[in-house]
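Take a look at the structure set out below.
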Amino acid sequence: MTVTRFAPSPTGYLHIGGLRTALFSWLTAQHDKGEFLLRIEDTDMARNSEEAKEAILKAFEWVGMSHDGEVVYQSKRFDLYKKFIDQLLAEGKAYKCYMSKEELTELREEQMAKKERTRYDGRYRDFTGTPPAEINPVIRIKAPQEGTITFVDGVKGEMNISADEVDDFVIARADGAPTYNFVVAIDDALMGLTEVIRGDDHLYNTPKQIVVYNALGLDLPNFNHVAMINNEQGKKLSKRDGATDVMAYKEMGYLPEALLNFLVRLGWSHGDQEIFSIEEMIELFDPKNINKSSSNYNLDKLLWLNAHYIKNMPNEKLAGMLKEYGVNIEGHDKLELLLDATKERGKTLVELAEQINLILTTPSEYDAKASKKAFKGEAKEVLADFAAMLREWDKTLHLPCDYHEVMDKLVSEKEIGFGKIGMPLRVSLLGSMTGSGLDEIMAILGVDETVVRIEKAIEAIE
RNA sequence: GGCCCCAUCGUCUAGCGGUUAGGAUCCAUGGUUUUCAUCCAUGUUACAGGAGUUCAAGUCUCCUUGGGGUCACCA
């Protein structure tokens, strides 16, 4: 069975890159009807935050990627890691290193001065003397000193990393707390991972983790390293260009299905297909089709996708989502009409909410440019006539087409162009020159409110 | 700097030795629409550069250039 996982460290919110690797992992598991596990990497007690953890979980909930089983917290598994450390120590596969931090820094500076790769020199690897007092040792694992560490990456292909790129790295800190590369290998193995899908930035952790797998005699999973997402200029993603909290996308009015669709196409493709429902993603996703190259983050397509998903979303569901954007139209008797009239005009839920509010609120002022253009000439008279006709036909007006008929009548009786009534009417109803169709707006407002707005506009024309 | 990875329109990408190099987005133009938006149509724009291999190279090899990653008692 395919088992994948997402393993964030709770040191900050979940951002777009993390969400994408999580999505890839989740899709892989869903596709194979396997399991997608969630693990919180909180071995560094000093840098963890409860808030960050909550935020990450919340983001997952929002996009609807559910994990299987309980969330695994590494901080609760220290006993387990300790056992493995002791085992390696006993087997002579790991050793205590009494080098002080100062000595380490010194060594590093020396190496840097000589333009060498900075690495631990193994001075305590075969140490048998009396250890220096007052130094709490760290535990280092014995990495191979020659040869090559080889693994096949599902995305990059065969990787060969020279053993001297991997030093005897620390697996337990001076305070006994285990370190990242050690616990990741153990947990991935114990949790039964078959596919490890993670960011490219972990590529060089892989040989280190393989050292741990080998020392402990654990089976290797398949590794898949996904290239990074950069900003539009191809530079590292910063908060300014999108490395913000995933939840910020919700605030900006993006739909989770749009965000996921956007992300799945960043570094993955299925021919020319652009639109993927969650079901299609699951059906079609294969990590083998993940791109080797990094991709640049650009909002244009996300916006387009978002507009697409808004347009195609059932009104009932849309109304439910809109509540969080300050628009409560659930139970509104013209809900269908209202959303049909506005959903093609909002690329985000925020914009859609604005469009709806534009219709629902009586304009308190008229856009200067629009009113100057629309309220000139005989606009006042035309509006008054139109209002009178609405009153006259009041009881028969229900649908947009009913209102349209009245407009038709007015236009033909007065022998004027459609614009003569359209423009002033639009500004009267919305306060501006742009927006939804007049027929729809009037049908939503009803005769009373429509007339109120027209009369208000007539007053304003004086 | 060492090591590693990557390179097709501005952006996301298709391509897997023979294509008029395709799609999407963006942008522009036209059409539909009483406005805006939607929708539809059309158009501009790409194989980073240089050597090879081959009858034939965006596709294979090498070099250059550019970008990215990584070198912790962080994850």
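Sequence lines set the chain letters: A, B, ... in the order given, protein chains first and strands last, and positions in each chain run from 1. For the numbers below, each heavy atom of this structure counts, side chains included, while hydrogens, waters and symmetry mates do not. None of the values given here were measured: they were computed from a predicted structure.
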Q.
Could you tell me how far C6(B) sits from A48(B) if I compare only their C1' atoms? Round to whole Å.
A. 13 Å
Q: Could you please name the partner base of A48(B), counting Watson-Crick and G-U wobble pairs only when both distances are under 3.5 Å?
A: U64(B)
Q: For Arg123(A), enumerate each residue passing the salt bridge (charged side-chain N to carboxylate O under 4.0 Å, His left out) test, keeping only those at least two apart in sequence or located in another chain.
A: Glu103(A), Asp121(A)
Q: Under 4.0 Å between any heavy atoms, over every strand shown, what does Arg119(A) touch: base, sugar-phosphate, or nothing? Just pick one.
A: nothing
(Q) Once rounded to the nearest 0.5 Å, what's the spacing between atom CG of Leu260(A) and atom CG of Leu19(A)? (A) 6.0 Å
(Q) Under 4.0 Å, counting only non-hydrogen atoms across every strand here, what does Met159(A) touch: a base, just sugar-phosphate, or nothing? (A) sugar-phosphate
Q) Heavy atoms under 4.0 Å, any strand shown: does Thr434(A) hit a base, just sugar-phosphate, or nothing? A) base
Q.
Under a 3.5 Å cut-off for both contacts, is U54(B) paired Watson-Crick or G-U wobble with anything, and if yes, with which nucleotide?
A. none
Q: Using a 4.0 Å heavy-atom cut-off across all strands, classify Asn205(A) as base, sugar-phosphate, or nothing.
A: base
**Q.** Asp286(A): partners by side chain to side chain donor-acceptor pair (under 3.5 Å), with sequence neighbours left out
**A.** none
(Q) If you take any heavy atom closer than 4.0 Å to RNA chain B, which residues from residues 137-147 of chain A end up in contact? (A) Val138(A), Arg140(A)
Q) Is Gly199(A) touching bases, backbone alone, or none of the nucleic acid, heavy atoms closer than 4.0 Å? A) nothing
Q. Base, sugar-phosphate, or nothing: which does Gly435(A) touch, judged by heavy atoms less than 4.0 Å apart?
A. base
Q) When all nucleic acid strands are considered with a 4.0 Å heavy-atom cut-off, which category describes Ser436(A): base, sugar-phosphate, or nothing? A) base
Q) Ring centres of Trp393(A) and Tyr403(A) under 6.0 Å apart? A) no
Q. Does G30(B) have a Watson-Crick or wobble partner in any strand here, with both distances under 3.5 angstrom, and which is it?
A. C40(B)
Q. Taking atom C1' in both C16(B) and C47(B), what distance in whole Å separates the two?
A. 14 Å
Q: If C16(B) has a Watson-Crick or G-U wobble mate with both distances under 3.5 Å, name it; if not, just say none.
A: none
Q. For the residue pair Leu303(A) and Lys347(A), what are the closest heavy atoms and their distance?
A. CG-CD, 3.8 Å
**Q.** Where chain A begins and ends its contact with RNA chain B, read 5' to 3' at 4.0 Å from heavy atoms
**A.** G2(B) to A75(B)
(Q) Students often get this wrong, so: under 4.0 angstrom with heavy atoms, is Ala174(A) touching a base, only sugar-phosphate, or nothing? (A) base
Q. Heavy atoms under 4.0 Å, any strand shown: does His225(A) hit a base, just sugar-phosphate, or nothing?
A. nothing
Q) What is the nucleic acid contact for Ser269(A), judged by heavy atoms within less than 4.0 Å: base, sugar-phosphate only, or nothing? A) sugar-phosphate
Q | Partner nucleotide, any strand, of G2(B) [Watson-Crick/G-U, under 3.5 Å] | A | U70(B)
Q) Is there a donor in the side chain of Thr11(A) and an acceptor in the side chain of Ser9(A), or the other way round, less than 3.5 Å apart? A) yes
(Q) For Tyr95(A), does the six-membered ring have the charged nitrogen or CZ of Arg125(A) within the cation-pi criterion, i.e. under 6.0 angstrom from the centroid and within 45° of the normal? (A) no
Q) How would you list, by chain and number, every residue that makes a salt bridge (charged side-chain N to carboxylate O under 4.0 Å, His left out) with Asp164(A), sequence neighbours excluded? A) none
Q. Contact class for Lys343(A) vs. all strands (heavy atom < 4.0 Å): base, sugar-phosphate, or nothing?
A. nothing
Q: Taking atom C1' in both U38(B) and U32(B), compute the distance separating them and give it to the nearest angstrom.
A: 10 Å
Q: Sequence neighbours left out, what passes salt bridge (charged side-chain N to carboxylate O under 4.0 Å, His left out) with Arg265(A)? Give chain and number order.
A: Glu274(A)
(Q) Over all strands shown, is Leu438(A) touching base, sugar-phosphate only, or nothing at heavy-atom distances under 4.0 angstrom? (A) base
Q: Describe the nucleic acid contact of Lys301(A) in one word from base, sugar-phosphate, nothing, applying a heavy-atom distance below 4.0 Å.
A: base
Q) When all nucleic acid strands are considered with a 4.0 Å heavy-atom cut-off, which category describes Lys235(A): base, sugar-phosphate, or nothing? A) sugar-phosphate
Q. Between Ile16(A), Leu259(A), Leu266(A), which is the residue that forms a side-chain contact (heavy atoms from CB on, under 4.5 Å) with Leu302(A)?
A. Leu259(A)
